[in-house]
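Working notes, beginning with the structure itself.
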There are 4 protein chains.
Amino acid sequence: MKFEIEIWFGDLDALGHVNNVQYARFLETARVKFFYENFGDLKPFFVLRRIEMDYLSPLFMGDIAVVEMWVGEIGNTSWEFLYRITEKRSGREVMRARSIQVWMDKERNKKAPIPERVRRVLEAERR
Amino acid sequence: MKFEIEIWFGDLDALGHVNNVQYARFLETARVKFFYENFGDLKPFFVLRRIEMDYLSPLFMGDIAVVEMWVGEIGNTSWEFLYRITEKRSGREVMRARSIQVWMDKERNKKAPIPERVRRVLEAERR
Amino acid sequence: MKFEIEIWFGDLDALGHVNNVQYARFLETARVKFFYENFGDLKPFFVLRRIEMDYLSPLFMGDIAVVEMWVGEIGNTSWEFLYRITEKRSGREVMRARSIQVWMDKERNKKAPIPERVRRVLEAERR
Amino acid sequence: MKFEIEIWFGDLDALGHVNNVQYARFLETARVKFFYENFGDLKPFFVLRRIEMDYLSPLFMGDIAVVEMWVGEIGNTSWEFLYRITEKRSGREVMRARSIQVWMDKERNKKAPIPERVRRVLEAERR
């Protein structure tokens, strides 16, 4: 999936560029949009286990961040999302990131195999 | 270094626990406190190159997060900060994290060797 | 001026609707867009003196907030922005707000008369 | 009630002082602490109806904000919180604020008379 985020004043820190923390928000929005668009009513129940973010170049006010997210490795109970953020006008690479999610059995609050319905959607987004 | 953060409502997300993004803020505060306390007037000039965060257990309202940060590997132009967050009352481990910073030559906007004064402080915090 | 903001997970709080604080961000974005679009290079120098926000109904994930901002009273050194936020699909009124800004003489750091160039733009947006 | 907040980098915006939005977070934290400390288990059910904030002077990194909150007018279904924020070392007044809250009947999702138990606590904090 791919979407755009306009950068405004509230994303900046005292150094005048987008604050490092805000990128974690952009990645979260990608995950949320992915589940919202693919499942709608089904409330996915997973936990975020790990995030890795490589900061490659800064973003400034007026920039448009293009956020891409796709699926990497898929295990029995966990899977990988991979992310790339670029700046729209310049095409400049801004971030590479990766996260690991673990599917949960809501009632027992324990990790559980990824359900078939979810696995099919993840497979379709694999690159 | 080590400090405490009280968890309040504004740190939570719609799942009722501390939002994943907020942890990146806690790590930033550790870095800022470290430079503020060790250098005062010297404005350190570095860029954040990478963050890795392992989410081990959730934090809830009323919890007190104990954030510890120390120095890992020190290279010529870059160094590693390592972090551990625990919950104060239970001692529960909440997060392990790692970041890489690159020292910058402010005028040329290029990476530069870590100055001796900074290196000494980093060495003193190495574990 | 008028623009839209998509509501995502990061805007919500533990009650499941958009957090009260986030609305102040939406108003800030309106002010910043206004100056960015109307002045471009000119760095406007004003301070925010007061904000009033009336919360009329909640926003939820998936909602689209329509933010409108226009100019109210214009004095010698200060002026009023007025805001209305509605939810796009339902047309539901979500917020009414008002802010007061004071133009500043950057060098003396004191309030100063609104420059003619700025006043003309403000007058044009008055309702 | 009265408590302190240390100002760090994450509270600042590109102008180098505490961002206007962040003050709404400080007020929220005051409200949440108030209910947490006075009621504990009782989940208070109210909605925020209005916020007014007067920005009197800026806060910078390293400052300590002293947030005071007390109760103003108490009506049948709503009441007023009043706030004052000062900077600890200088005693400088930073903000005056006011909010209106409405007690809710959770089941009917309608405003309702403030319960006696809550009213007693509010009366005790009136100034």
Side-chain angles (χ1 to χ4, degrees), chain B residues 1-14 16-48 51 53 59-69 81 83 85 88-89 95 97 99 101 106, chain D residues 1-14 16-48 51 53 59-69 81 83 85 88-89 95 97 99 101 106:
Chain B
M1 74 172 308
K2 193 171 172 170
F3 63 98
E4 297 182 0
I5 294 176
E6 284 182 30
I7 302 302
W8 289 105
F9 187 76
D11 300 310
L12 310 180
D13 63 24
H17 52 229
V18 171
N19 181 253
N20 74 88
V21 175
Q22 195 63 4
Y23 291 88
R25 179 69 72 213
F26 299 163
L27 306 186
E28 179 191 70
T29 299
R31 292 190 300 275
V32 172
K33 273 177 178 275
F34 179 82
F35 278 96
Y36 197 80
E37 287 170 13
N38 281 295
F39 297 102
D41 60 323
L42 171 69
K43 289 251 174 89
F45 194 61
F46 64 88
V47 294
L48 187 64
I51 288 182
M53 296 186 282
L59 282 170
F60 299 96
M61 193 160 101
D63 280 353
I64 294 171
V66 179
V67 181
E68 289 171 272
M69 186 184 82
F81 277 134
Y83 311 79
I85 303 179
K88 190 177 184 182
R89 275 164 292 222
M95 171 168 278
S99 66
Q101 295 72 220
K106 205 172 193 161
Chain D
M1 70 172 312
K2 194 172 172 169
F3 63 99
E4 298 181 359
I5 294 176
E6 285 182 30
I7 302 302
W8 289 106
F9 187 76
D11 299 312
L12 310 179
D13 62 25
H17 52 230
V18 172
N19 181 252
N20 74 87
V21 175
Q22 195 61 7
Y23 291 88
R25 179 70 72 212
F26 299 163
L27 306 186
E28 179 191 71
T29 299
R31 291 190 300 276
V32 171
K33 275 178 178 274
F34 179 83
F35 279 96
Y36 198 79
E37 288 170 13
N38 280 295
F39 297 103
D41 60 323
L42 171 69
K43 291 250 173 88
F45 194 60
F46 64 89
V47 295
L48 186 64
I51 289 183
M53 297 186 280
L59 282 169
F60 299 96
M61 192 160 101
D63 279 353
I64 294 171
V66 180
V67 181
E68 289 171 272
M69 187 183 83
F81 277 134
Y83 311 79
I85 304 179
K88 190 177 184 183
R89 277 165 291 222
M95 171 167 277
S99 65
Q101 295 72 221
K106 206 171 193 162

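Since the model is a prediction, treat every value here as computed from it, not as a measurement. Numbers restart at 1 for each chain; the letters A, B, ... are given by sequence-line order, proteins then strands.
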Max heavy-atom pairs within cutoff under 4.5 Å with chain D, candidates B:Lys33, B:Glu28, B:Arg25, goes to B:Lys33

Kindly indicate whether the side chain of B:Met61, heavy atoms from C-beta on, has any atom under 4.5 Å from the side chain of D:Val32. yes

pair B:Tyr36-D:Trp8: side-chain heavy atoms closer than 4.5 Å: yes

